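Reviewing the structure listed below.
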Amino acid sequence: MIPAVVVSVETMLEKWKGREGKEMEVFQEFTLLTSEVISRTAFSSSYLEGEKIFDLLTKLSLIASRNVFKTRLPIISRFWKSSDEIELDKLAKMIYDSVMKIVKKREEIVTGEVDSFGNDFLGLLVNSYHDLDENKKLSIQDLVDESKTFYFAGQETTNSLLAWTILLLAVHTDWQEKARREVIEIIGKGNPNSEGIAKLKTITMIINETLRLYPPATGTIRKVEREVRLGKLVLPIDLEVNIRIHDPDLWGDDVHLFKPERFAEGISKATNYNAAAFFPLDWDHDLVLE
């Protein structure tokens, strides 16, 4: 996976060489980069093949987000749909067709051997779809849904992290210099590898602090499955709980300041041994309080 990421990054940096001294919209650049990396590593395709899916998922997300708090009438909605609902159905169908096109292309290269659809993310999904064991077999809808989730969630979260990290390092040049020295010392002038990346303590601190300040999941809502006591409070069933991410009682009065050193001794120490409170990418969406 790392060599594929390196190829994508080198392609981006090569394009940047001719733009020295000029302003650049790095968020858009990182959008292309993360999309390319996901396409290469998870689906063994180029960005051009996955570009349509990324665009459709982005449009679908925007429409869904502006309708999240709208109330639907169960009976009426069966016979009448708003323009947004019609557009959502249309986008969902187009995404389904686009994913299936990639799946069919993968199935065409089958060698006839067991588990022969590849060992990347798409290959694992297609292998599961063709599993002879009904208990392990993945349905076609599950295959499409998993692909959609990986495409969108993986791209959006990584893109956000890269953009905020670059901005914070541009502002806090002292940490930019510390990060540069560490990379040169451990990685050198060669390409990164898994062993070297694991030793990048300063980089890890910067990434964790960036995720803490500007998490892709800006808020978390949980539904109470059954009555439960939380400290001095008794939470009734079906109550929705909005969990705070920037809590000064947990992080201290400097909760809104960029201080990577708070992670110098790991996440547990930074959270006063309450590691579950650090969830920048969110925990399982199906989790309930019970």
Side-chain angles (χ1 to χ4, degrees), residues 1-65 91-92 94-103 105-106 118 120-123 125 144-171 176 179-180 183 187 190-194 197 200 203-204 206-207 210-211 213-218 280-282:
M1 179 179 292
I2 292 179
V5 175
V6 170
V7 170
S8 295
V9 173
E10 287 179 339
T11 301
M12 180 186 70
L13 294 179
E14 187 64 31
K15 185 172 63 175
W16 286 11
K17 286 183 178 180
R19 302 165 72 175
E20 293 182 10
K22 300 178 181 178
E23 286 191 4
M24 216 169 21
E25 178 53 72
V26 293
F27 188 81
Q28 181 60 34
E29 292 293 319
F30 289 147
T31 297
L32 296 174
L33 172 65
T34 52
S35 301
E36 172 74 14
V37 169
I38 289 175
S39 294
R40 283 179 182 272
T41 59
F43 299 91
S44 297
S45 61
S46 68
Y47 170 68
L48 293 177
E49 290 182 279
E51 182 178 16
K52 183 178 180 181
I53 296 177
F54 284 114
D55 289 341
L56 292 173
L57 284 171
T58 300
K59 292 177 182 177
L60 186 145
S61 176
L62 290 174
I63 295 176
S65 63
L91 288 171
M94 293 172 69
I95 292 171
Y96 179 93
D97 291 342
S98 297
V99 172
M100 286 306 301
K101 183 178 179 180
I102 295 177
V103 171
K105 183 178 179 179
R106 178 62 61 89
D120 58 3
F121 182 71
L122 178 61
L125 291 179
V144 173
D145 289 342
E146 290 292 338
S147 298
K148 286 161 52 179
T149 300
F150 200 92
Y151 258 119
F152 188 72
Q155 188 269 342
E156 189 71 12
T157 54
T158 309
N159 187 25
S160 173
L161 170 61
L162 287 172
W164 280 115
T165 301
I166 291 297
L167 175 62
L168 289 170
L169 289 179
V171 174
Q176 180 184 151
R180 181 180 293 108
V183 171
I187 304 297
N191 289 331
N193 52 59
S194 56
I197 292 174
L200 297 175
I203 297 292
T204 301
I206 292 172
I207 290 175
T210 302
L211 287 171
L213 283 172
Y214 303 105
T218 55
L281 301 178
D282 203 354

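All values reported here derive from a predicted model rather than from experimental measurement.
Of all non-hydrogen atoms in Ser8 and Glu36, the two that sit nearest each other are OG-CG, 3.2 Å. In terms of heavy atoms, Asn159 sits closest to Thr31 at ND2-OG1, 2.8 Å. Between Ile187 and Ile197, the shortest heavy-atom contact is CD1-N, 4.2 Å. Counting all heavy atoms, side chain and backbone alike, Leu200 lies closest to Val183 at CD2-CA, 4.3 Å.
One distance of note links CZ of Phe27 with CG of Leu32; it measures 11.0 Å at 0.5 Å rounding. Expressed to the nearest 0.5 Å, how far CG of Leu91 lies from CG of Leu57 amounts to 9.0 Å. Taking CD1 of Ile2 as the reference point, atom CG of Asn191 lies at 10.0 Å (rounded to 0.5 Å). Atoms OG1 and CG, from Thr58 and Leu62 in turn, are 7.0 Å apart once rounded to the nearest 0.5 Å. For the atom pair Ile53 CD1 and Ser39 OG, the distance stands at 8.0 Å (nearest 0.5 Å). Here the CD1-OG1 distance, from Ile203 to Thr165, works out to 9.0 Å after rounding to the nearest 0.5 Å.
Residues Phe150 and Leu125 form no side-chain contact, since every pair of their non-hydrogen atoms from C-beta on lies 4.5 Å or further apart. Residues Phe30 and Ile166 have side chains in contact (heavy-atom distance under 4.5 Å, counting atoms from C-beta outward). Two residues are said to be in side-chain contact when any heavy atoms from C-beta on lie closer than 4.5 Å; Pro216 and Leu211 meet this criterion. Taking the side chain as every heavy atom from C-beta outward, Lys15 and Glu29 approach each other to under 4.5 Å. Side-chain contact check for Glu10 versus Glu14: every heavy-atom pair is 4.5 Å or farther apart.
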_From CA spacing to verdict: side chain to side chain contact (heavy atoms under 4.5 Å, CB included), Leu60, Lys148_ = CA-CA 11 Å; Leu60 186 145; Lys148 286 161 52 179; 5.6 Å; no
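Evaluation of the salt bridge (Lys or Arg N to Asp or Glu O under 4.0 Å) rule for Lys22 yields no partner, not counting sequence neighbours. Qualifying salt bridge (Lys or Arg N to Asp or Glu O under 4.0 Å) partners for Lys59, counting only residues two or more places apart in sequence or in other chains: none.
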Donor-acceptor contacts, no H, no angles, side chain residues 94-103, under 3.5 Å, sequence neighbours left out:
residue : atom : partner : partner atom : Å
Asp97   : OD1  : Lys93   : NZ           : 3.2
Asp97   : OD2  : Lys93   : NZ           : 2.8
Ser98   : OG   : Met94   : O            : 2.9

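In this structure, the side chain of Ser160 does not engage the main chain of Glu156 through any donor-acceptor pair within 3.5 Å. In this structure, Thr158 contributes its side chain and Gln155 its backbone to no donor-acceptor pair below 3.5 Å.
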